[in-house]
Peer 1: 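Take a look at the following structure, please.
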2 protein chains.
Amino acid sequence: MAKTTTPQKAAAVRQRGVTMSDVAQHAGVSRTAVSFVLNNRENASISEETRIRINDAVQALGYRPNAGARALASQRSDWYGLVTEIVTAPFAVDIIKGAQDQAWLDHRFLLIAPSDQADAVGPNQGLEDAATEKLLEQRVEGLLYAATYHRGVHVPESAHEVPTVLINCFDADGKLPSIVPDERGGGRVAVDRLLRAGHSRIGVINLDPHIPAAVGRLEGAREALAGAGLELDPELVVSGHATADGGYEAACQILDRYPQQDRPTALFCLNDRMAMGAYDAIKERGLTIPGDIAVIGFDNQELIAAYLRPKLTTVALPFEKMGALGVQTLAALTAGQPITADQQLVDCPLLERSSV
Amino acid sequence: MAKTTTPQKAAAVRQRGVTMSDVAQHAGVSRTAVSFVLNNRENASISEETRIRINDAVQALGYRPNAGARALASQRSDWYGLVTEIVTAPFAVDIIKGAQDQAWLDHRFLLIAPSDQADAVGPNQGLEDAATEKLLEQRVEGLLYAATYHRGVHVPESAHEVPTVLINCFDADGKLPSIVPDERGGGRVAVDRLLRAGHSRIGVINLDPHIPAAVGRLEGAREALAGAGLELDPELVVSGHATADGGYEAACQILDRYPQQDRPTALFCLNDRMAMGAYDAIKERGLTIPGDIAVIGFDNQELIAAYLRPKLTTVALPFEKMGALGVQTLAALTAGQPITADQQLVDCPLLERSSV
DNA sequence: GTTGGCAAGTAACGCGAGTTACCTTCAGCG
DNA sequence: CGCTGAAGGTAACTCGCGTTACTTGCCAAC
């Protein structure tokens, strides 16, 4: 009877895939032995000979472990969930890249779930909650939330059921660990660079002054100037819409406001898109970059910065590193290790190109 | 005995999460009944009253199904795997977005695995094979392969074990269904637009002439010209490096080659980056866009096209739609439906902005 | 009053693994 | 000869859930 079922089983196997039992049978051992070998358990006593027989059987049958079954039995999934609006607004894709690569290195799987672009005030909790819920159904061991731009967010209630780390955003109320760019350091680095190039009269094209990026970068600029014994002239700070057009207009204002000798010799644009507009304003006036006006940007949007003529010197947002660090932090959390700081700042490095 | 284990179980439950058995117990029914209700099986006879009791218990306990266990028992995972180098080189992120959104709509989960940027000849099979293997271990029901740019690829052997669809690339040897942009149609649309604007002498800034994108777009341009009784002047086609610099140089060549009256009045740039360089070449010569020279691009790289001044009219690569269509095709395949065509072409729509 | 049938539900098995407790054998030693 | 202990395994339970087959009670029909 048992014999007659074997061929049936073999047929079924072809459909269902090879299981550990098949391997065991092929190797002439018990399924337990196979399990021991595959997970190479230290204190299990398996002779070298049978270990080889089992490994051969694995090869021969093309056995492929069933991750789901393994997760079920072992009560650990090796999955992290990443909820992000980046899928929707791919400004900061590199966060995903960094997280994905790091997860891959750690032999973990990243389940990515989309979230709506959430506004700072009342996030569209619908999709976000659903995404979180779905991820928890997959029994992820931890959650990551990533935002396209640095800001405060509200995470769904259920996120608190597992270790959670925020990337490029921070928890408005609670106490979740977060990874954010060191905007202030970036601002400092940018203005320092201009100072080093001999500029002392520096115009700033600002973002919406209320967002964390603007606050931090401007503060950094102030610090750098202070380090050189200078102050930030409020008249030289113009806020604009965070687009090329906004940058164009702001640059026009700054450039046209003064007679030539009082005109700033450098512009610190708080993002690259605005720098792109500033380029046009400068060129229109017959001025050269960086000869007459040096320009430094922020964000390092490759497609802009690397292709503008001259190429734009800018400060990079460390998306990839933040993604990786997020996964590392989560790994530490799920392993029960204590996290050093609630908020980790990641350096924004200067990228030298040709506009300063 | 059974009673005394209950509190232990309850304690364990707190750690492990609520299971269907807990729900059943809370509702005073069998686990089977709960299963029937949750999957609302048609032909199962459950009274309205107990159905409500069970749903209440689900709410009360905050029960959350275990996707892995469900997959194990039902032998279907509702998971698709997406192997892509886009994670590595995020040029075509919108493919992921389109696929992700569509999968979400279909109540399926997309597992995204990274692949190295593969060159056309010998793809780095290492990571790709590993990624595929990992996805199969997760028992995905189907696989998607997405490339950053339209080209031929080799998929790992094991991909043939489940339904597989290629997005933005095609199978060099085998016969896998694929979704690719209609490059030819896009070329036609672009040149048609220029013809409609009254241009008859059109310069073309070409990509590497061997890649599918160049072949198709150029062929489309030829068709459009033929439709107007014109021919493509080979002298007006200049190939350049696919960058802003390459576009700049190619544009210089074309613009400087002829006396003003013979100069082309429009440029068809086969990608937006090259158009960006062409802009500079044109502006440097004191010419205006589109007054003196009209420019049309291809790819619709938002960060470039929407921020150039004037904004660039271009033909969009339908990344998002390709992603969605990929998932739909895969859904049809896994459902056993026959696929209409081996290769599906997706329209490349014209995006009118201000450069024509 | 038997039969039959349907509504309402349950026991029990299987999915593919991890894991614990137990069982042989055989060598070595007193 | 009998005992001990390690090497080399295995049977059986568990994880959370889908699913099939079977039971029970009740009412209508013959």
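This is a predicted model, so every value here is computed, not measured. A, B, ... follow the sequence lines: proteins, then strands. Residue 1 opens every chain.
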Peer 1: Map A/V29 and B/S74 onto DNA chain D by nearest heavy atom, then report which one ends up closer to the 5' terminus.
Peer 2: A/V29
Peer 1: Under 3.5 Å, which donor-acceptor pairs link side chains of residues 326-336 of chain A to any protein atom two or more places apart or in another chain?
Peer 2:
unit_1 : atom_1 : unit_2 : atom_2 : d
A/Q328 : NE2    : A/Q102 : OE1    : 3.3
A/T329 : OG1    : A/L325 : O      : 2.7
A/T329 : OG1    : A/Q344 : NE2    : 3.0
A/T334 : OG1    : A/Y80  : OH     : 3.3
A/T334 : OG1    : A/L330 : O      : 3.1
A/T334 : OG1    : A/A331 : O      : 3.0

Peer 1: Separation of B/R139 atom CZ from D/dG18 atom C1', in whole Å?
Peer 2: 18 Å
Peer 1: May I have the step-by-step check of side chain to side chain contact (heavy atoms under 4.5 Å, CB included) for B/T84 and B/I95, ending in yes or no?
Peer 2: CA-CA 10 Å; B/T84 177; B/I95 293 182; over 6 Å; no
Peer 1: Sort me out a list of protein N/O and nucleotides 20-22 of chain D N/O pairs below 3.5 Å, or just none if empty.
Peer 2:
none

Peer 1: Run the side chain to side chain contact (heavy atoms under 4.5 Å, CB included) check on A/L135 and A/W79 step by step: do they pass?
Peer 2: CA-CA 9 Å; A/L135 289 174; A/W79 292 341; over 6 Å; no
Peer 1: Going by the rule salt bridge (Lys or Arg N to Asp or Glu O under 4.0 Å), which residues pair with A/R31 if we only count those two or more places apart in sequence or in a different chain?
Peer 2: none
Peer 1: Take the protein atom CZ of B/R76 and the nucleotide atom P of D/dC17, then report the distance between them rounded to whole Å.
Peer 2: 17 Å
Peer 1: Less than 4.5 Å apart, side chain to side chain, heavy atoms only: is that true for B/W104 and A/K134?
Peer 2: yes
Peer 1: If you measure only the distance, is there a donor-acceptor pair under 3.5 Å linking the side chains of A/S115 and A/E85?
Peer 2: no
Peer 1: With sequence neighbours left out, write down each residue that passes side chain to side chain donor-acceptor pair (under 3.5 Å) with A/S47, or none if nothing qualifies.
Peer 2: A/T50
Peer 1: Could you state the atom-to-atom distance from CD1 of A/I54 to P of D/dT10 in whole Å?
Peer 2: 8 Å
Peer 1: Any N or O donor-acceptor pair under 3.5 Å from the base of C/dG18 to the side chain of A/R31?
Peer 2: yes
Peer 1: Name all residues meeting the side chain to side chain donor-acceptor pair (under 3.5 Å) criterion together with B/R41; count only those two or more places apart in sequence or in a different chain, and write none if there are none.
Peer 2: none
Peer 1: I want to check one thing: is the phosphate of C/dT10, taken as OP1 and OP2, less than 4.0 Å away from some side-chain N or O of B/S30?
Peer 2: yes
Peer 1: What is the nucleic acid contact for B/S35, judged by heavy atoms within less than 4.0 Å: base, sugar-phosphate only, or nothing?
Peer 2: base
Peer 1: Between the two end axes of the helix from C/dG1-D/dC30 to C/dG30-D/dC1, each built from 5 base pairs, what angle do you get to the nearest 10°?
Peer 2: 70°
Peer 1: C/dA7 C1' sits how many Å from B/E49 CD, rounded?
Peer 2: 14 Å
Peer 1: What's the shortest heavy-atom distance between B/K175 and B/D171, and which atoms?
Peer 2: N-OD2, 3.3 Å
Peer 1: Work out which heavy atom in B/V140 is nearest to a heavy atom in B/V162; give both atom names and the distance.
Peer 2: O-CG1, 4.0 Å
Peer 1: Applying salt bridge (Lys or Arg N to Asp or Glu O under 4.0 Å), can you list everything that pairs with B/E48, at least two apart in sequence or on another chain?
Peer 2: B/R51
Peer 1: Rounded to whole angstroms, how far apart are CG on B/N40 and P on D/dT19?
Peer 2: 12 Å
Peer 1: Give every pair of a protein N or O atom and an N or O atom of nucleotides 3-8 of chain D that lie under 3.5 Å apart, one pair per line with the distance.
Peer 2:
unit_1 : atom_1 : unit_2 : atom_2 : d
D/dG8  : N7     : A/S45  : OG     : 2.5

Peer 1: Taking distance alone, no hydrogens or angles, what donor-acceptor pairs closer than 3.5 Å link side-chain atoms of residues 64-71 of chain B to residues at least two apart or in another chain?
Peer 2:
unit_1 : atom_1 : unit_2 : atom_2 : d
B/R64  : NE     : A/E133 : OE2    : 2.8
B/R64  : NH1    : A/E161 : OE1    : 2.8
B/R64  : NH2    : A/E133 : OE2    : 3.3
B/R64  : NH2    : A/E161 : OE1    : 3.4
B/R64  : NH2    : A/E161 : OE2    : 3.2
B/N66  : OD1    : B/G68  : N      : 2.9
B/N66  : OD1    : B/A69  : N      : 3.0
B/R70  : NH2    : B/N39  : OD1    : 3.3

Peer 1: Listed by chain and number, what are the side chain to side chain donor-acceptor pair (under 3.5 Å) partners of B/T132, not counting sequence neighbours?
Peer 2: B/Y145
Peer 1: Would you jot down, in residue-number order, the residues of residues 62-72 of chain B having a non-hydrogen atom under 4.0 Å from DNA chain C?
Peer 2: B/L72
Peer 1: Round to the nearest Å and state the distance from B/D22 atom CG to D/dC15 atom C1'.
Peer 2: 13 Å
Peer 1: Can you tell me the distance, in whole Å, between the CG atom of B/N39 and the C1' atom of D/dC17?
Peer 2: 9 Å
Peer 1: Could you tell me which residues satisfy side chain to side chain donor-acceptor pair (under 3.5 Å) with A/K97, sequence neighbours excluded, listed by chain and number?
Peer 2: A/D101
Peer 1: Rounded to whole Å, please give me the gap between CG in B/L38 and P in D/dG16.
Peer 2: 15 Å
